[in-house]
Amino acid sequence: MIEFENISKRYENGYDALKHVNFSLKKGEMAFLTGHSGAGKSTLLKLIALIDRPTNGKILLNGHNIAKLSNRKVPLVRRQMGIIFQNPYLLDDYTIFENVAMPLMIAGYRHQEIGRRVRAALAKVGLLKKEKFYPQSLSGGEQQRVGIARAVVNKPAILLADEPTGNLDPELSAEIMALFEQFNQVGVSVLIASHDLALITQLNYRLLTLHQGCMVSTGVKIKTNYETTVE
Amino acid sequence: MKRNHSLYQSTLSLLLKRHRTAILMGLGRLKKHLSSTIFTSLVIAMTLALPILLLVLVNNVDYATKGLTASAKISVYLKPGTSEQTIQDLMHELSAQEQIIKIRYISPEQGLSEFAKSVGFKQVLLGLNHNPLPAVLEISPSIAYQQPAQLQILAAQLRQLPAVDDVQLDMDWIKRLFAILSVIKSVTLGIAIILGFGTVIIVGNTIKYAIQHYQKEIQVLKLIGASDSLIRRPFLYTGVFYGLFGTLLAMFIVGVFTVSLSRVVNNLADTFSTNFQLHLFGFSSFVAFCLLGIALGLLGAWITVSRSIKQC
């Protein structure tokens, strides 16, 4: 599904955020991307979402190199992905329903279909009753769930999440992770950047570990307490 | 359920649907930020009102000068003792000329009685033992021959006629007025043009501030896969609406101003014995102003949004 071939990213100020990174995420796979802050997790996700472009290397999405895709085609790639940030980036002027409906409106869905899908997505994250509310009247955990609903409403093949539980307490974090697992179970590829090792090591998924811009491990996590085995 | 995979599909129904959505989104934003909408429209209205008002004034100067020349008349004083037959022949001859539209013959007796009536010198006139007034032909030039220069040529021709004693054409004040009016007209037009340029900048800037509220929205829309044109379109409509509301408001302001001014102007017109009335603008000008406002709004929005989209 996603494949990085020798990806490097150097920012304009000369900082090397990623150095010769190789990894792949299979279709329908769920994995965590971890490492200290500044290790390059966010940069890696931004490269997949085409928010940033790599300095070198290839990014294959379903076999197509998207590293040098023209700006005109970027929106088409983004519509195949659901992107979730630590800050859910909800629009305060719009209701929860409208916020979640936005990707569908952009893609040109019909009115009834939008209503059906938005309610399905909101039901999935447990916020169906709040569709007429505005984001500011929701708690932080609820806002994050709205962000997730918006990311999945389009039924994307890939979900990318950058520190989705960064602002949440452990209980809420576990709920959010459980949601991601549910999406993964229906075939969505999920890549979550998180430094919350206590949380993610409880879950049985592959850990991709970045250290100072290098991929130091693409290991498989075996569900033993807080231990990782490296391939 | 069909999903549109290509943004660049250009079937008519899809295009219409996109524009309908864009219009609704544009209007929705205006409604959501009502105070900002009102403020922006007001700024545009105030800025547009002045050049529009000046253009209306220039137009009115044109109307006014037309009315003034239409009232121009030439008085032809005939030599004393000219026979009635000669006068009839002369009138016949003159009315054949294309420069002259109407001739009114004022006999000495008629002149005397009019004079007595209008000036109140009845007692004085009764004391005279003969009528001192000559026969007069009051000539109205036709509309195509009312320019001051043309009137002077006509007056000179009339003066050549054997039966004519004197020709009076009160030209000086008309000439002077014309000169003053043409200066006023040029100055006003110049100011209107300068203000017009200023308006483009002010409208652009106002829309820029109005749209800056939406920086976050633009960012989010980009992240969830909206193309640049899709993001831009509702904002362009927002700009169009700002321009249209602003222009309508500006014309309303000008209208109120003109109506309140018209009484003063009518009094002034009375002193020139014309029944001139202030004209607002015709339907075609109304449409032209609206289109101008829309174009200004569109331009301002386009520049601002394109910059915003690039920044995200």
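Since the structure is predicted, the reported quantities are computational estimates derived from the model, not experimental observations. Residue numbers begin at 1 in each chain, while the letters A, B, ... track the order of the sequences.
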Rounded to the nearest 0.5 Å, what's the gap from [atom1] on [X] to [atom2] on [Y]? Could you check?
{"X": "B:Ser227", "Y": "A:Arg79", "atom1": "OG", "atom2": "CZ", "result": "6.0 Å"}
{"X": "A:Ile106", "Y": "B:Ile224", "atom1": "CD1", "atom2": "CD1", "result": "3.5 Å"}
{"X": "B:Leu223", "Y": "A:Lys46", "atom1": "CG", "atom2": "NZ", "result": "10.0 Å"}

A:Arg72/B:Asp228 under side chain to side chain contact (heavy atoms under 4.5 Å, CB included): CA gap, chis, key distance, verdict: CA-CA 8 Å; A:Arg72 276 167 68 101; B:Asp228 289 357; over 6 Å; no

Do other residues, nucleotides or ligands put more than 12 heavy atoms under 6.0 Å from the [atom1] atom of [X]?
{"X": "A:Arg10", "atom1": "CZ", "value": "no"}
{"X": "A:His36", "atom1": "NE2", "value": "no"}
{"X": "A:Lys27", "atom1": "NZ", "value": "no"}
{"X": "B:Phe286", "atom1": "CZ", "value": "no"}
{"X": "B:Phe39", "atom1": "CZ", "value": "no"}
{"X": "A:Met1", "atom1": "CE", "value": "yes"}

If you look only at pairs with a residue in residues 240-261 of chain B, which of them pass as a ring pair (Phe, Tyr, Trp, His ring centres under 6.0 Å), with sequence neighbours excluded?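 Qualifying pairs, neighbours excluded: none.
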
Might you point out which heavy atoms bring A:Pro75 and B:Gly225 nearest each other, and give the distance in Å?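 The pair with the smallest heavy-atom distance is CB-O, 3.4 Å.
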
Tell me the closest heavy-atom pair linking B:Lys222 and A:Arg78, and the distance in Å.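 In terms of heavy atoms, the two residues are closest at O-NH1, 2.8 Å.
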
Within residues 86-102 of chain A, which residues come under 4.5 Å of chain B, heavy atom to heavy atom?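 From residues 86-102 of chain A, the residues near chain B are A:Tyr89, A:Leu90, A:Leu91, A:Asp92, A:Asp93, A:Tyr94, A:Glu98, A:Met102.
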
Is there any side chain to side chain donor-acceptor pair (under 3.5 Å) pair reaching into residues 252-263 of chain B, and which pairs are they, with sequence neighbours excluded?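 Qualifying pairs: none.
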
By a 4.5 Å heavy-atom criterion (distance strictly below it), what part of B:Ile231 contacts chain A: side chain, backbone, both, or neither?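 Neither the backbone nor the side chain of B:Ile231 comes within 4.5 Å of chain A.
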
Please list all pairs meeting salt bridge (Lys or Arg N to Asp or Glu O under 4.0 Å) that have one or both residues in residues 288-297 of chain B, counting only residues at least two apart or in different chains.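 Those involving residues 288-297 of chain B do not exist here.
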
